[in-house]
Amino acid sequence: MARGKGRKNPKWKNGSNKAQGGQHVDGERRVYKSFSELRRDNDSFRKYYLAQQIVPEAEFPDLMESMRTVLPTSFRITGSREQAQDIREQIEREFVPFISQTTIDGEAIEPPHILPWYPERFGWQFTIPRVALKKSPELAKFHSFLVTETEVGNISRQEAVSMVPPLLLDVQPEHFVLDMCAAPGSKTAQLIEALHKDTAMGECPPGVVVANDADYKRACMLVHQVSRLNSPSVVVTNHSGERFPNIYEDGNVVQFDRILCDVPCSGDGTTRKNVRVWEKWRADDAHSLHPVQTKILQRAAYLLKTGGRLVYSTCSLNPIENEAVVANVLHHFEGALKLVDVSSELPELKRRPGLNTWKVMTRDGQLFDKFEDIPAGEHGRNRRKYSPRFFPLPEHEMEKLHMERCLRIYSHLQNTGGFFVAVIEKVKPITVNEKRKAERDAEAFAEAMRRAREEGDAQAKEAEAGDSAEPEPKRAKVDETESKDEENEETESRADETESKDETDSKEAGVSRRVYLPDEPRADPALLENPFVFLDENTAELQEILSFYGIAPTMSRRGFLSRIEKGSFRSVYFVSEPVRHLMNLAGQRLRIVNTGIRVFSRNAVRDAHCAFRLVCEGTPQVLPHLDQRFVVDAGFADLKTLLSEINPLLNLLSEETQKKIEQVPVSSSVIVRFDPKEHQGEEGPATRLTAALALPCWRGKASLSVHMDKHQLRSLIQRVLGKTVDRKENLGYKMSNNRRSNVVAAEAAETTEATEDTEAAEATETAEAAETTE
Ligand SMILES: C[S@@+](CC[C@H](N)C(=O)[O-])C[C@H]1O[C@@H](n2cnc3c(N)ncnc32)[C@H](O)[C@@H]1O
């Protein structure tokens, strides 16, 4: 069939399928609506939250209005402190003044501004519409800067309120931290940065971050995010949070100093970003999430050290996902946990207190203060979908908990999304019995909800058929299960049970479709990848690397590991001693998706003296321990040559640099260092740099090439040479035509992480071949 001119797919009626906002069934026809056409309101939502009195009634219209507007863009400046300062300086000196003077169609543009509550002016926000950013030539440089620095991980686009939970977790370098529901990992990145805040290059902090997610694919996204931070102190795992396994040391369960529970939620605080929340919102989304949220928090409470801090957070405003979960868990552990008063932390962050009372909305839109007020209905059917746990505890119990210490952040307070945060401290140990009771409690509840759903359906059918037998009320069933369980006290944690049951449970909890669900039952994904194995110092390959590159004993020999396949391995990773210790304790119990920094990779250059080359991401870790022969200090002119030319011939570099390079064996890695502090007063980079740069390079027979991926190169070119490099350009390199293909090959190799080892080496070989033919 001819592609009919003028026959437009309804998706494209706004000129672009990106404008597609949602589809609605209108009779038999699907009608596509753009985001701008979607109704940003929901009567049920309005009625529910007005009744909850989350803000004074007079303020409610402001809240609703702000929830309909487009969310400003916010970002964090990340990475090492010195480098982050350079990036911040560039924004403050270059972009803010420039954008302040920019007008579009006669209208002034508001420049980016700091988030006043974010430490060290590293949190930023701006309201420039995306279209203006992309289309306006005046703003193109800022846009390109944002894109490039985000790609390399110097900037992390993150919703402003989502930056709050890690800040309140107060992670210190010595802490043992667990991020229970970590993917895609923006908060994990903050935790890792906090862990590394006092760590010098090449050293390891004493603490560890375990970043966990129940969804294997999302855990892999986490690996990508985490790998940009080059930390040897992170382990990415794949477990259901509520069943995170016990790891034992000397017979005791290993506990964490800090735990983040950023649990799956209905996300109704994100209407400014996810417009479809308006049309899909239902009060009972929260009902189906409450059980799994409770279980995750209970498990976290058990795994927390006494004296440790835990943060529970959601991007939902619903008290059933927030206060009801926190109150039930606090109440359950009978004084072992308490809410921390954080009113003096992040003082500039506007927040509202947690709720002491709230209502539950039934499917037919009625609101109830107490479970008992819900009319039982025929066969108790009306109550079956609700639980007493959705409701506040009795007033005198609620008073003891200080729910006002929770943080409710609303969009109209400081132009952000909505968020809920509770900071909890463990003030006394939780005994196994208490912990088991809590687990049973939550499990029995989830089970009762499931049964109630099933029975509700069955009863409805039976009722239709005239059967009038009275079923047990739901609450009685929950208690019955509890008491039965108590008789059969088990000592082993259920966290050790099989993963397939976890997944069934999550599904039984009836998690709504807007929430990230663990994958469908699957083969153990850990089996898809080879497990990590620590390399003995005497392993031939490791010996070869250590002696060739002259790695000093200051780099622990105990931290090298690999994924061995058929007796061979391609890459060498490095982890800190505390990570090694944890992995040894955990054995097979932890399903580890990834860990450590890749430091060396097998190269395919045949005549190389060493079979392994240095990997870009491992450079900061290895550099301080590397034989000085492989480290060449260069001036700005050489740096400029390396960033402007592909595989520049050695004779294009300064004589001093040439002499140093000639000391390095042909076909090996070499690091070129540029320390701006040592070259003050000389011609320098376009942007004022304070952090030293270390460029991993490859020493060919007659040339030197930078071995970085194209995103990192683009970022460096922009910062050092002040050139805006179009993403489609070949990095703005000056090069002869016969070398252009090499760049393409090198780029392809360096950007595809999974295949980097072979391809980069091949690119190097190609480059070298080209070099010899010239
Ligand atoms: C709100 S998101 C977390 C966002 C993340 N903390 C961040 O800042 O990027 C919730 C995450 O919980 C995961 N998840 C869902 N059910 C879970 C469970 N039972 N245990 C652990 N993680 C779970 C989802 O896969 C999802 O990645």
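Small disclaimer: the values here were computed from a predicted structure and weren't measured. First listed ligand is number 1; within each ligand, the first listed atom is number 1.
- For ligand 1, the polar-atom distance check finds an N/O of Asp262 within less than 3.5 Å of one of the ligand's N/O atoms.
- Residue Lys187 touches ligand 1 through backbone and side chain together, judged by heavy-atom distances below 4.0 Å.
- Heavy-atom proximity to atom 27 (O) of ligand 1, evaluated over Asp213, Thr270, Thr237, is greatest for Asp213.
- Under 4.0 Å from ligand 1, the heavy atoms of Met180 that appear belong solely to its backbone.
- Atoms of ligand 1 lying under 4.0 Å from at least one heavy atom of Ile296, given by number and element, are 18 (C), 19 (N), 20 (N).
- Close contacts of ligand 1 with Ser240, meaning ligand atoms under 4.0 Å from a residue heavy atom, involve 20 (N).
- Distances below 4.0 Å separate heavy atoms of Asp215 from the following atoms of ligand 1: 25 (O).
- Considering Thr188, Thr78, Val209 as possible partners of Glu193, the one that fulfils the side-chain contact (heavy atoms from CB on, under 4.5 Å) test is Thr78.
- Put simply, OG1 on Thr73 and CZ on Phe126 are 4.0 Å apart, with the number rounded to the nearest 0.5 Å.
- On a distance-only criterion, Ala183 and ligand 1 share at least one N/O pair closer than 3.5 Å.
- Both tests hold for Arg563 against Phe532: distance to the six-membered ring centre under 6.0 Å, angle to the ring axis within 45°.
- Nearest-heavy-atom check against atom 12 (O) of ligand 1 across Pro184, Pro166, Cys181 picks out Cys181.
- At a cut-off of 3.5 Å, with distance as the only test, a side-chain donor of Gln52 or Tyr48 sits close to an acceptor on the other residue.
- In the candidate list Cys265, Pro264, Ala182, Pro264 is nearest to atom 14 (N) of ligand 1, counting heavy atoms.
- Among the atoms of Arg218, some N or O lies under 3.5 angstrom from an N or O of ligand 1.
- A donor-acceptor pair is defined here as one N or O able to donate and one able to accept, closer than 3.5 Å; such a pair exists between the side chain of Arg272 and the backbone of Thr416.
- Neither the backbone nor the side chain of Cys315 has a heavy atom within less than 4.0 Å of ligand 1.
- The ligand atoms of ligand 1 that sit less than 4.0 angstrom from a heavy atom of Ser186 are 7 (C), 8 (O), 9 (O).
- The ligand atoms of ligand 1 that sit less than 4.0 angstrom from a heavy atom of Val263 are 1 (C).
- For ligand 1, the atoms closer than 4.0 angstrom to any heavy atom of Gly185 are 7 (C), 9 (O).
- Under a 4.0 Å criterion applied to the non-hydrogen atoms of Glu242, ligand 1 contributes the atoms 18 (C), 19 (N), 20 (N).
- Heavy-atom distances between Ser162 and ligand 1 stay at or above 4.0 Å for every pair.
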